[in-house]
Amino acid sequence: MPSGRKLYPFYLIEPKWQKFWDEQQTFRAFNPGEFIPPEHPFGQRHRLGGKCPSADELPPKFYILDMFPYPSGAGLHVGHPEGYTATDILARYYRAKGFHVLHPMGWDAFGLPAEQYAVKTGQHPRIATERNIATFRRQIKSLGFSYDWSREVDTTDPQYFKWTQWIFLKLYNSWFNPETNRAEPIETLKYPKELDPEPAELAKLSPQARAELEKRRRAYRDSKRLAYVAEAPVWWCEALGTVLANEEVVDGKSEVGGHPVVRRPMRQWMLRITAYADRLLEDLDKIEWSESLKQMQRNWIGRSEGAEVVFRVANSEDTITVFTTRPDTLFGATYMVLAPEHPLIDKWLREGGVIPAEWPASTPQLWTGGEPTPSAAIAAYRAAVASKSDLERTDLAKEKTGVFTGAYAINPVNGQQIPIWIADYVLISYGTGAIMAVPAHDTRDLEFASKFGLPIVQVVQPPDPNTDWRGYVEDGISVNSTGPEISITGLPTQEAKRRITQWLESKGLGRRAVNYKLRDWLFSRQRYWGEPFPIVWRRDPDGELYHESLPESALPVTLPALDNYKPTSDGQPPLARAKEWVHLPDGSVRETNTMPQWAGSCWYYLRYIDPRNDTAFVAPEAERYWMGSKYAELLVSRKQTGTHAALERGQHESPKPGVDLYVGGTEHAVLHLLYARFWHKVLYDLGYVSTPEPFYRLVNQGLILGEDGQKMSKSRGNVINPDDILKEYGADAFRMYEMFMGPLEDTKPWNTKGLEGVYRFLGRVWRLFVDENSETEFEQAETVTPPEEKIRLLELVKLHPAIKLTEPNRGQLRALHACIKKVTEDIENLRFNTAISALMVFVNEALSWETRPAAVLRDFVVLLNPFAPHLAEELWAKLHTGLLKPGAPPPSLTYEPWPQFDPTYLAEETLEIPVQVNGKLRDVITVPADIDNAGLEAAARTSEKVKPFIAGKQIKRVIVVPKKLVNIVVG
RNA sequence: GCCGGUGUGGCGGAAUGGCAGACGCACAGGACUUAAAAUCCUGGGACUUGCAAAAGUCGUGCGGGUUCGAGUCCCGCCACCGGCACCA
C-alpha cells in the first residue's frame, strides 16, 4: 500500500493518548500501604482514591511479566512486540476485569556487545548502553504498551546491581544442608569431628595450632558455600578474552560470535546449582509451563538413577568406581574404560606397578595404538585427544578410539580379570569418569568392542525371542548371570537391578546412586561490563590466598573508570587495570572477575515489585502481595470463562504462587529460566521470598519469520523494521496484526499484505463511528494547521449520524453478546487471533445497521481496547462527549468494567439443523428453536432433499443430537 | 539416535467426536469515478455431469482401526520444525 493518505488519523490519535497515559500515570500499580491519589482512575474504580490500602484492601493482583530485553544497538525487532502485545492485551483485560495489574518493563543491559564497542572505541560502555536504552524505550513507548514506567529497572544501575551483589552475598554465606534439603546460613554448617573440638580441647591448643585449625575450618567452610571457588577446567575463548559457561559453548564454539574455545584449567567462581537438581526437577510439576519446555529443563538436568560399583584393580590396592544405570548387566562387563584425563591414570604412571612396562603377552597389535609400551600408548593417546577440538570430538563420534592401558580390573561378581582401557567416549565430567563396558547391551560399548575385538557376552534375554540380543538395550530377563555368591539369572531387569544393588551394598562394593548431567554454574567472567563481585582476597600468615566477602554496607561495589577495556596482556580481566580500585587500604585485593549477564536477569521480576527500595531488595509485604497469587486459577480455568463467580463471591482456591504469567522466547528455555528458578529457591530457603517457584505460568511466543518464510536476518535482507511499520500503519495496526497472524506460540511468517488487512479493519472501525462530512472538514483543516496543533483538530471529527441513544434490537444484542463471549474466552485462553476475528465479524455486521445504538458500540469499544487501545480511547472519548455524557470528561476506558456476557441474548428463534443420511450431509433444515427430539426427527424425515436417500430403504436407526444434528442410518 | 511439537485451500489460519475451510490475505467479476487510488458488493477446495439453475463424487501428510458419524480418538508409517546428543 503506498504511503500518503491514511485510512484514519492514527498518527495523531496515537501520540495523543500516549501522552495522556503518561501524564495521568494510568497504568501505575500501587504497593500495599502506598498512597493512591484521589484522581487516579484505579483508585476511582475501586474506591481507594486518597487512601493507603493494605494488601487485603487492594483488589486481587495479577502479575504479567515480559522477558526484559537486552537493549542492542540494532533497536527493536518485530519479535519483541509479539510477546509484549500479548501481555499488554492481558494486562488491559485484567484491569477491566477488576484485577490490580503489575506490568513492568526494564533493561538487561550488561553484556558483551556494549563492552566490545568500548574495547574498540575506548568509550565507557555506559554511554552506548544509555543510548540503546533510550532507543528501546522510545520504540516500546511508541507501541502504546501499558507498562508502569515508574517501575523501570536497569541491571547496570548501581542501585539495581547493589542488590544483585547482595544476593550473591547470600549465596556466598549459605550452604546446602542435605538433611533439610535446603540452603541455610553458613553459620549452621556442622564441621567434621576433627575440625570441631570440644571447647575444653580447644582451650588446650597452642595459638599456632588454633590458627591452623581455623585455617582448616575455613577451607572446609569455603568448600561448602553455594558460591565457591574452584580450579576447574573451563572453556576459554581467546577472541572474547573470557571464559564461558558450558551452556554458552555450542558445537565447540562460543555461542556469541562463534569463536573457537579451548579447555583450560582456571580459578573460577562457581554456584552450586547441582544441589538443587532434584528440587528443580520435582517442582516443574507445580507450575504451568508447556510440556516441551519442561522436557527441555528435565533433559538439561538429566537425572539418571543407577548404582555405583567398585572394581578392584589387579596388582593394586586401588579401586575404580563406575556409575551405571544397568547394574543388572554386571555379569556382561568384559572391559572397563576410564576417561583419558582420569586421575588414576596419572597416579599409575607416576607410581608404577599397575601399568606394566611391557604389553602383556598376547596383547593384540590393535590394542596398543602402535606404541611399544603401555605408557607410550597412553601418552600418545592423551596427546591426540588433547589436540582435538571439541568439535572434532563430537563430530568424529562415529569412529570410536582408545588404547589398552595394560592394566586389569576384577569383576566383583565373578572374579574375572577384565582389561582397562582409556577412550574419549568416556567423559571425565560425567559420573565417575569411568565405566564398566557391557558390549552386549550398550550401543557405544558394542561399537567399541567390535572394533577392538573385545568379548561380547549376553546377559539379557529380550522378551521377543526373535530379537537379536546383541545391542539390545531395553529391559528383559537376566541370563548368564550367576556367580559364586550371587545369581540374578532368570530375573526380569527391574528385579535384577534391585537384587544386585542390594548384594553390592551388603558387600560394600557399591550402592544406589543418582547422577545428573547438570553441572555447577560457572559464574565468573573476565569482563568489564558486568557486576563486580563483593569479594576481596587476603593472604594468611603462610602467604596463602583466601577470599572474604565484603560487608553489606560496602555495597554497591561499583565499576572503576578505565581508559582501556581490554584484558591485560598477562591474561587478567580488564578490572585488574584499575590498580587503585583493586588494592584496598587494608592490604586486601578485590576480585577482578565480574558476574555473567544472567546474574541481573535472575531476579529482576522481584525488583519490579519494589524497584526504588534502598533498604531491601524487595519489601516483604509487597513481595507477598504481588507474588502470592490467589487468583491464577481464574486465568487457568479454561472452560468456565465469562463467569468470574469465584472472584465475585470472594472465593479463591489454593494459591498458585509466583508471577501469574511470564511471556518470552524459547531461547531462554534452559539457561535463564533454570538460573532464575535456582536463585529463587535459595531466596525462598533463606526466607526472603514466599513462593518456591518464581514463574507460575510461562508461555513462549513463536518466532516471526521474514516474508520469505526464512529466519529474519540482515544478510537475507528480509528484516522488518517496526519503526517503518509504525509510520505507515500505526501502532494499533501493528500490534493487532502481530496477534492476528496466528497462535501466539507458533512460528509464523510476516506478511505485510496481512498487516494491511488488519489496518483496513481499523479503518472500518473508524468509519463505523465517525461522520464522513466532519472528517472531510478535519482533513481540510489539517492542511492549513501546523503539525504541533493538529492533535486538537481530532475534535472536529464528529460521531456518525447513525449512532443514536436508542434501544438496541435483538439482532444487535445478539451480535454484541456473541462478540463479548468469543473475545472474553479467547483472551483468557491466549487465542488472540480468533478474538480479533470475532471483532471483525461484529464490525462487518454493525456496518450494515441503519441505526447504531450507542450502548452497543460503547461495549464494543471496551472489547476493542486491549487490542487497539489508542483508537479505542479516541472513539470512547467521542462517544461520551458526543452522546453519552456531553460536557463531562469521559470516564477512564482503562478501568471501565469488562462487559458481561448474557447468554439469553444469543438465543435464536429458529435453528439450522444439518441432516445426514449414513453420516453424509444431505440437507440443512430450519426448525423452531424450541423443537424437541421427536419433532426434529420428523422434520428431518420429511425433508425433500433427504427423501430420495431414504426412499425404499430400511431405516435402522436415527441419531438425534438435541438442537444440533440428525443422522438417519439406513440399510 | 533420543525427547518434544506440527502436518487442513494459492497463502496466514478456523473448527467441545456432529454442516471442514470462520476471519484475513491474494485472486476474479461488478458498483462508484473522466480515470486511478480508496471504498462497497459478489464469487471461489478439487473433480464429474449440466447452457444454466443445480446435482453427484472425492477431499484435513500416508495406511489401517474404533464410531451412526473422525481434521479431532486409537495403532503403524512418512515428512518438517525445535531441543539434546558418546551423559554410561
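Sequence lines set the chain letters: A, B, ... in the order given, protein chains first and strands last, and positions in each chain run from 1. Note that the structure is predicted; figures quoted are calculated from it, not measured.
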### Task
Begin from the C-alpha positions of Ser304(A) and Tyr430(A) and carry the test side-chain hydrogen bond (donor to acceptor under 3.5 Å, both in side chains) through to its verdict.
CA-CA 11 Å; Ser304(A) 67; Tyr430(A) 183 78; 3.0 Å; yes

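- Residue Arg922(A) places its side chain closer to G56(B) than to any other of A88(B), G18(B), G56(B).
- With hydrogens and angles ignored, no donor-acceptor pair closer than 3.5 Å exists between the side chain of Lys517(A) and the base of C84(B).
- Using a 4.0 Å heavy-atom distance criterion, Ser290(A) is classed as making no nucleic acid contact.
- Straight-line distance between the C1' atoms of G4(B) and C19(B): roughly 35 Å, to the nearest whole Å.
- Between the P atoms of C84(B) and G10(B), the separation comes to 36 Å (whole Å).
- Side-chain proximity of Phe323(A) to the nucleotides A55(B), A14(B), A88(B) is greatest for A88(B).
- Taking 4.5 Å as the limit, every side-chain heavy atom of Asn918(A) sits out of range of all side-chain heavy atoms of Phe949(A).
- A distance of 6.0 Å or more separates the ring centres of Phe832(A) and Phe740(A).
- G5(B) shows a glycosidic angle more than 90° from 0 and is accordingly assigned anti.
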### Task
Could you encode protein contacts along nucleotides 22-32 of chain B as a string, one character per nucleotide from 5' to 3', using B for base contact, S for sugar-phosphate-only contact and - for no contact, with a heavy-atom cut-off of under 4.0 Å?
BBSSS------

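- Distance CH2 (Trp750(A)) to P (G13(B)): 14 Å, rounded to an integer number of Å.
- Look at Arg767(A) and you'll find a side-chain N or O under 4.0 angstrom from OP1 or OP2 of C40(B).
- Using a 4.0 Å cut-off between a side-chain N of Lys or Arg and a carboxylate O of Asp or Glu, Asp278(A) and Arg303(A) qualify as a salt bridge.
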### Query
How does protein contact run along nucleotides 67-74 of chain B, one letter per nucleotide 5' to 3', with B for base contact, S for sugar-phosphate only, - for none, heavy atoms under 4.0 Å?
-BS-----

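- C78(B) sits 23 Å from C58(B) when the C1' atoms are compared, rounded to a whole Å.
- Residue Lys956(A) is classed as having no contact, given no heavy-atom separation below 4.0 Å to the nucleic acid.
- Aromatic rings from Trp849(A) and Phe842(A) are positioned such that their centres are separated by under 6.0 Å.
- G18(B) and C23(B): their C1' atoms are spaced 22 Å apart (whole Å).
- In the set C84(B), C19(B), A88(B), the nucleotide with an atom closest to the side chain of Tyr430(A) is A88(B).
- Cation-pi check for Arg677(A) over Trp289(A) is met; the charged atom lies under 6.0 angstrom from the ring centroid and within 45 degrees of its normal.
- Distance check on atom C1': G71(B) versus A20(B) gives 7 Å, rounded to whole Å.
- Between G82(B) and C86(B), the distance separating the two C1' atoms is 22 Å to the nearest Å.
- On the C1' atoms, G56(B) is 29 Å away from U66(B), given to the nearest whole Å.
- Checked for salt-bridge contact, Glu728(A) and Lys6(A) meet the test: a charged N lies under 4.0 Å from a carboxylate O.
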### Task
Represent RNA chain B in dot-bracket notation, 5' to 3'. Only Watson-Crick or G-U wobble pairs with both distances under 3.5 Å count; pseudoknot-style crossings use [ ] and interstrand partners use |.
(((((((..(((.....[....))).(((((.......))))).(((((....)))))..(((((..]....))))))))))))....

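- Counting only heavy atoms from C-beta on, Leu921(A) has its side chain closest to C19(B) among C19(B), C40(B), A88(B).
- Using P as the reference atom, A14(B) and G9(B) are 14 Å apart when rounded to the nearest Å.
- Relative to the side chain of Pro914(A), the nucleotides C19(B), A88(B), C40(B) differ in distance, and C19(B) lies closest.
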### Pair Trp766(A)-Phe10(A), ring pair (Phe, Tyr, Trp, His ring centres under 6.0 Å): steps then yes or no
CA-CA 10 Å; Trp766(A) 178 251; Phe10(A) 62 81; over 10 Å; no

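- Using a 4.0 Å heavy-atom distance criterion, Phe842(A) is classed as making no nucleic acid contact.
- Annotation: of the two residues near RNA chain B, Ile435(A) and Leu293(A), the 5′-most nearest-nucleotide partner is Leu293(A).
- Between Arg735(A) and Glu738(A), none of the side-chain N atoms (NZ, or NE/NH1/NH2) sits under 4.0 Å from a carboxylate O, so this pair counts as no salt bridge.
- Here Arg326(A) does not pair with Asp445(A) in a salt bridge; the nearest charged N to carboxylate O distance is not below 4.0 Å.
- Of the charged side-chain nitrogens involved, at least one lies within less than 4.0 Å of a carboxylate oxygen, so that Glu305(A) and Arg512(A) count as a salt-bridged pair.
- Under 4.0 Å is where a charged nitrogen must lie from a carboxylate oxygen, and between Glu288(A) and Lys294(A) no such pair does.
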### Task
Show your working on side-chain hydrogen bond (donor to acceptor under 3.5 Å, both in side chains) between Thr666(A) and Asn700(A) and close with a plain yes or no.
CA-CA 6 Å; Thr666(A) 349; Asn700(A) 285 124; 4.7 Å; no

